[in-house]
Amino acid sequence: MKHEGVMDSIFGENQKFIVIAGPCAVESLDQIMVSAMELSSLGIPILRAEIFKPRTDPDSFQGVGRDGLDMIKKVKSKTGIAVVTEVMDPDELDGVEEVADIIQIGSRNSQNFSLLKKVGRSSHPILLKRGFGNTIEEFIQSSRYISAQGNRNIIMVERGIRTFEDSLRFTLDIGAIPVLHERVKFPVLVDPSHPAGKSRYVEPLSLSGVGAGADGLMIEVHPDPPAALSDRNQQLNFVQFRNLLEKIDALLSAMGKERIMGREIKEDI
Ligand code: PEP
Ligand code: MN
């Protein structure tokens, strides 16, 4: 795998808008395979395939763990889709680097400095989510822990912060998008799903991210959200996702932008 290729084709000269999608968590081979097939048929180039899950409640589903590595391999060989997956512990990185294309650092580990330094030495692109208690400046400092080690393939993701407002799960900081664009060279994505908390809020938050100039979106999509083992209220089903994608495409075209299709990056992986 040429990992630089993933970044070049997505974020190179003629940068196009990227939509990353997939379930909150890998639950079974069948669930992630169905998701990968549906999403790649829609041109989605990168699948969320999360096997280690950072959960606030220690009694809740913690992810399939290392058993998921083989599921990711199978999904990739069947569909050719690229995969992003989270690591929470430096020790998890070894097996994961062999199968995943992009390594995700979640909101809760956004200031885990030893983990940031470790992935800074990886040859994989890093998708870094904003700590939900972090200022934009602190978020940028986190990215510098990675880049200082030599890895400048960083994707910054605004995923909402904790404020006094509790109508939604988190407050999506739309203003972070133009500010990050002024301050860092890295692409800036919006995750509308975690701030939404409820599937009906995912569309307005997604479209506001597009409107504010984000370089892409990362959206949770599940074949059967009510049966999901985590974040069931916020995940979109395939029909909802297809409808949203149409609106995203319409808005992008009004803005003179285009969405990158899966096949455009497959050639580079
Ligand atoms: C995720 O995207 O899988 C996730 C756990 O989100 P966050 O780290 O932003 O809470
Ligand atoms: Mn989730």
Side-chain angles (χ1 to χ4, degrees), residues 18-27 31-32 35 39 44 46-58 60-65 68 72 82-89 92 96 100-112 115-116 119 125-134 136 138-139 142-143 146 154-163 168-174 176-177 180 188-199 201-202 205-206 209 214 216-237 240-241:
I18 181 134
V19 179
I20 300 175
C24 177
V26 172
E27 298 168 357
Q31 174 249 18
I32 196 67
S35 304
L39 295 170
I44 299 301
I46 301 175
L47 175 75
R48 285 177 54 99
E50 316 285 355
I51 59 178
F52 302 108
K53 290 304 298 176
R55 305 303 304 285
T56 303
D57 178 355
S60 65
F61 175 62
Q62 302 287 307
V64 294
I72 293 178
V83 160
V84 58
T85 196
E86 176 165 356
V87 293
M88 298 192 293
D89 185 309
E92 287 164 2
V96 165
D101 300 278
I102 301 176
I103 305 294
Q104 177 174 335
I105 302 295
S107 188
R108 288 154 191 82
N109 273 316
S110 202
Q111 287 189 306
N112 180 339
L115 182 60
L116 296 176
V119 299
I126 307 302
L127 182 147
L128 176 67
K129 300 190 84 173
R130 179 177 179 179
F132 55 73
N134 288 167
I136 296 172
E138 288 162 340
F139 187 23
S142 291
S143 75
I146 300 172
I154 302 171
I155 303 164
M156 313 271 293
V157 182
E158 164 57 41
R159 49 77 72 211
I161 52 176
R162 177 127 316 145
T163 67
L168 276 75
R169 193 173 174 196
F170 292 94
T171 301
L172 182 65
D173 184 6
I174 283 292
I177 299 159
L180 286 168
V188 179
L189 270 52
V190 163
D191 167 353
S193 303
H194 289 90
K198 295 194 174 80
S199 56
Y201 298 136
V202 172
L205 296 190
S206 299
L217 295 167
M218 184 194 214
I219 305 175
E220 286 191 342
V221 183
H222 190 284
D224 183 13
L229 300 180
S230 58
D231 286 350
R232 66 171 65 99
N233 295 329
Q234 71 197 30
Q235 301 201 62
L236 302 184
N237 62 35
Q240 291 168 324
F241 181 65

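Just so you know, ligand 1 is whichever comes first in the structure, and atom 1 is the first atom listed for that ligand. Start at 1 with the first residue, then count along the sequence. Everything numeric here is computed off the predicted structure, so don't read it as measured data.
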Asker: Ignoring hydrogens and geometry beyond distance, is a side-chain donor-acceptor pair present between Gln111 and Glu138 at under 3.5 Å?
Answerer: no
Asker: Among Leu180, Ile136, Ile177, Leu189, find the one that has a side chain to side chain contact (heavy atoms under 4.5 Å, CB included) with Met156.
Answerer: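 Of all the options given, the one that passes is Leu180.
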Asker: Is there at least one pair of N or O atoms, one from Glu220 and one from ligand 1, spaced under 3.5 Å apart?
Answerer: no
Asker: Near Ser107, which atoms of ligand 1 are under 4.0 Å from a heavy atom of that residue?
Answerer: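 What qualifies from ligand 1 is 7 (P), 8 (O), 9 (O), 10 (O).
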Asker: I need the atoms of ligand 1 closer than 4.0 Å to a non-hydrogen atom of Arg159, numbered in the order shown.
Answerer: 7 (P), 9 (O), 10 (O)
Asker: Where's the contact between Lys53 and ligand 1, heavy-atom distance under 4.0 Å: side chain, backbone, both or neither?
Answerer: side chain
Asker: Under the salt bridge (Lys or Arg N to Asp or Glu O under 4.0 Å) test against Glu220, which residue among Arg159, Arg48, Arg169 passes?
Answerer: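 So the option named by the test is Arg48.
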Asker: If the Mn ion (ligand 2) is the vertex, what is the angle to OE2 of Glu220 and SG of Cys24, rounded to 10 degrees?
Answerer: 100°
Asker: Would you say the side chain of Phe139 lies within less than 4.5 Å of the side chain of Leu128, judging by non-hydrogen atoms?
Answerer: yes
Asker: Taking the Mn ion (ligand 2) as the vertex, how big is the angle to OD2 in Asp231 and NE2 in His194, rounded to 10°?
Answerer: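 Value returned, to the nearest 10°, is 90°.
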Asker: Using heavy atoms and a 4.0 Å limit, tell me yes or no: is Met218 in contact with ligand 1?
Answerer: no
Asker: In terms of residue, atom name and distance, what is the protein heavy atom nearest to atom 6 (O) of ligand 1?
Answerer: Lys129 NZ, 3.0 Å
Asker: Of the protein's non-hydrogen atoms, which lies at the shortest distance from atom 3 (O) of ligand 1, and what is that distance?
Answerer: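 For this ligand atom, the closest protein heavy atom is Arg48 NH2, 2.7 Å.
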Asker: Please determine which of Ile154, Leu116, Asn109 meets the side chain to side chain contact (heavy atoms under 4.5 Å, CB included) test together with Ser142.
Answerer: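 So the option named by the test is Leu116.
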Asker: For Gly106, take its heavy atoms, then give the atoms of ligand 1 lying under 4.0 Å from any of them.
Answerer: 8 (O)
Asker: Using side-chain heavy atoms (C-beta onward) and a distance below 4.5 Å, is Ile44 in contact with Val221?
Answerer: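 SC-SC contact between Ile44 and Val221 ruled out.
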Asker: Can you sort out which atoms of ligand 1 are near Gln104, meaning under 4.0 Å from one of its heavy atoms?
Answerer: 1 (C), 2 (O), 3 (O)
Asker: Identify which one of Val157, Ile219, Leu127, Leu47 satisfies the side chain to side chain contact (heavy atoms under 4.5 Å, CB included) criterion when paired with Ile20.
Answerer: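 It is Leu127; the other options fail the test.
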Asker: Testing Asp101, Val96, Ile102 one by one against Thr85 for a side chain to side chain contact (heavy atoms under 4.5 Å, CB included), which residue passes?
Answerer: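 Single side chain to side chain contact (heavy atoms under 4.5 Å, CB included) partner of Thr85 among Asp101, Val96, Ile102: Val96.
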